[in-house]
2 protein chains.
Amino acid sequence: MADSGAEPAAAEADQGAEQNSTRERILDIAQELFTELGYEKTSLRQIAERLGYSKAAIYYHFASKEDILMALHMRLHDFGFGALANLDPGQMSGAVFTALLDQLTDQILGHRGLFVLHERNRAAVEKLHRDAHHDAAHADLEIVIRQALSDQRLAPSLRVRMACTIGAVMGALVLSGEVFSDIPSAELGVLVKDAARDLMAPVTSS
Amino acid sequence: MADSGAEPAAAEADQGAEQNSTRERILDIAQELFTELGYEKTSLRQIAERLGYSKAAIYYHFASKEDILMALHMRLHDFGFGALANLDPGQMSGAVFTALLDQLTDQILGHRGLFVLHERNRAAVEKLHRDAHHDAAHADLEIVIRQALSDQRLAPSLRVRMACTIGAVMGALVLSGEVFSDIPSAELGVLVKDAARDLMAPVTSS
DNA sequence: GTCTATATAGGGATAGAC
DNA sequence: GTCTATCCCTATATAGAC
């Protein structure tokens, strides 16, 4: 587990086209190291070392270490809106939720590294949110879900099922490390979605 | 979320009797701060401040900052053996696994703070393991589970279901934050165990 | 765009007084 | 058992040469 360098990290980080700009390379390396060692334990010196450049070079592309994490957060943040767009607030039900989870599953499968990064650096990312350099127009998918889970107008059985379902998806795709590297992505996706459906079925009136 | 001081943290940390020794108080405060701010971001100065003592005082009770985390890890580590004792290696099946998860659910409900601490500081705890100050007689529940999940002799559908089930339990009890604080522990336990059973049922030959 | 050199701060850890 | 004072190292960040 945490086998660095074995897999091409750049393969899944192609959002701004495949222009291997220095900035993107820094982000790729940072994503890898932040995930492996943790954000706080990763020094800019280490990033620069792996990059082949000097430490100060990074400051040309990013104002601070925090800015690097912010950029990585933004990579993920944008994807969240895809699922949020189809979300009608106040209409959260079992059926809607199940559909939402299917989307989430696909997004995690497509950008797994980013989700693992966030999972392993929750404290640092939350501090980012608190210092709120991007409070405007910021509505995390996570916050929406948390609201639904806290909604006491819903039955406890439904709320707990929803939390279990999110956990099931996260458990199989994010927390599981490399244990499923022998299973094709597509198959993994089907199995996880099936599990989510079985989990929500008893509390969903379709 | 992460509402510190609102709940009596000492209430669940009564393993060595209720002797509020300085050492235990340090551990309780550290557990709180490590969870809230993250291990790396928490300084000994902060711990000492909240303790009312000076920073160096902590070094009387613990050899290093890492030692504090180790002590907290040990608090949890011991509980793991309870579930491990009933575990017959090589006999991992759906039914065995479901029973194991029931035990895990109860243990998380009883020591939730410790599990949250570990979840939010995976990098630091893993480094602890690597530096192996306690390699002897050390068999984490997590390692056993990871082995089972990686076992290619088992059907992918079973392996993924197991990962989903662990995730479901963790999702509802650990990752969920404070969203279920209005639901009694006992009810929460029943709902989670039901979910785990529904999840494992399709792949369990009973 | 990348480098060297350096300023500055903060945190872990030690020595030894009380 | 607890304290003050201090050492030392590392890491972020800046200034300015090339």
Side-chain angles (χ1 to χ4, degrees), chain A residues 16-17 19-73 117 120-121 123-128 130-131 133, chain B residues 10 16-73 117 120-121 123-128 130-131 133:
Chain A
Q19 54 155 341
N20 237 9
S21 66
T22 302
R23 183 186 161 92
E24 296 302 315
R25 281 170 58 215
I26 291 174
L27 286 177
D28 291 342
I29 294 170
Q31 175 174 329
E32 223 174 287
L33 290 177
F34 287 174
T35 303
E36 204 174 317
L37 312 172
Y39 173 73
E40 316 285 352
K41 266 295 185 186
T42 303
S43 69
L44 297 182
R45 203 196 105 270
Q46 285 172 296
I47 297 177
E49 214 163 61
R50 195 173 286 200
L51 188 69
Y53 293 153
S54 144
K55 186 176 65 168
I58 298 177
Y59 279 94
Y60 178 82
H61 298 278
F62 296 95
S64 66
K65 185 186 180 184
E66 204 183 317
D67 249 39
I68 300 178
L69 183 63
M70 176 66 79
L72 289 171
H73 177 56
L117 168 76
R120 288 182 61 107
N121 291 283
V125 174
E126 279 170 18
K127 181 172 176 54
L128 221 58
R130 279 196 297 274
D131 298 358
H133 292 141
Chain B
E18 60 281 345
Q19 54 156 341
N20 236 10
S21 66
T22 302
R23 183 187 161 92
E24 296 302 315
R25 280 171 58 215
I26 291 174
L27 286 178
D28 290 341
I29 293 170
Q31 175 174 329
E32 224 174 286
L33 290 176
F34 287 173
T35 302
E36 203 174 317
L37 312 172
Y39 172 73
E40 315 285 353
K41 265 297 184 184
T42 303
S43 69
L44 296 181
R45 203 195 106 268
Q46 285 171 297
I47 297 177
E49 214 164 61
R50 195 173 285 200
L51 189 68
Y53 293 153
S54 145
K55 186 174 66 168
I58 297 176
Y59 279 94
Y60 178 82
H61 297 279
F62 296 95
S64 66
K65 185 186 180 183
E66 204 182 316
D67 250 39
I68 300 178
L69 183 63
M70 175 66 80
L72 289 171
H73 177 56
L117 168 76
R120 290 183 60 107
N121 290 283
V125 173
E126 279 169 19
K127 182 171 174 53
L128 221 59
R130 280 197 298 275
D131 298 358
H133 292 141

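Below, chain A is the first sequence line, B the second, and so on; all start at residue 1. Just so you know, these numbers use all the heavy atoms, side chains as well, and skip hydrogens, waters and symmetry mates.
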Validate the cation-pi geometry between B/K41 and A/Y39: distance from NZ or CZ to the six-membered ring centre under 6.0 Å, angle to the ring axis within 45°.
-> no
Protein-nucleotide distance (A/Q46, atom CD; D/dT10, atom C1'), rounded to Å = 11 Å
Rounded to whole angstroms, how far apart are CD on A/E40 and P on C/dG10?
-> 15 Å
Hey, are the side chains of A/Y60 and A/T22 touching, using non-hydrogen atoms and a 4.5 Å cut-off?
-> no
Over how many whole Å does the gap from B/E24 atom CD to D/dG1 atom C1' extend?
-> 17 Å
NZ of A/K55 versus P of C/dG1: gap in Å, rounded?
-> 21 Å
Which whole-number value in Å describes the distance from B/Y60 OH to C/dA13 P?
-> 19 Å
Which one, D/dA11, C/dC3, D/dA13, comes nearest to the side chain of A/S43?
-> D/dA11
When the distance from CD of B/E49 to C1' of C/dG10 is rounded to whole Å, what number comes out?
-> 14 Å
Taking A/T42 as the fixed residue, which of A/T35, A/I47, A/L69 is the one that meets the side chain to side chain contact (heavy atoms under 4.5 Å, CB included) rule?
-> A/I47
When the distance from OH of A/Y59 to P of D/dG16 is rounded to whole Å, what number comes out?
-> 17 Å
Is the shortest distance from a Lys or Arg side-chain nitrogen in B/K127 or B/E40 to a carboxylate oxygen in the other one below 4.0 Å?
-> no
Nearest-Å distance for atom pair CZ/C1', residues A/R23 and C/dT2 | 17 Å
Does a nitrogen or oxygen in the side chain of B/T22 sit under 4.0 Å from OP1 or OP2 of D/dT2?
-> yes
Listed nucleotide nearest any side-chain atom of B/A56, set C/dT2, D/dC3, C/dT4 = D/dC3
If each of B/A57 and A/K65 is mapped to the nucleotide of DNA chain D with the nearest heavy atom, which maps nearer the 5' terminus, i.e. the 5' end?
-> B/A57
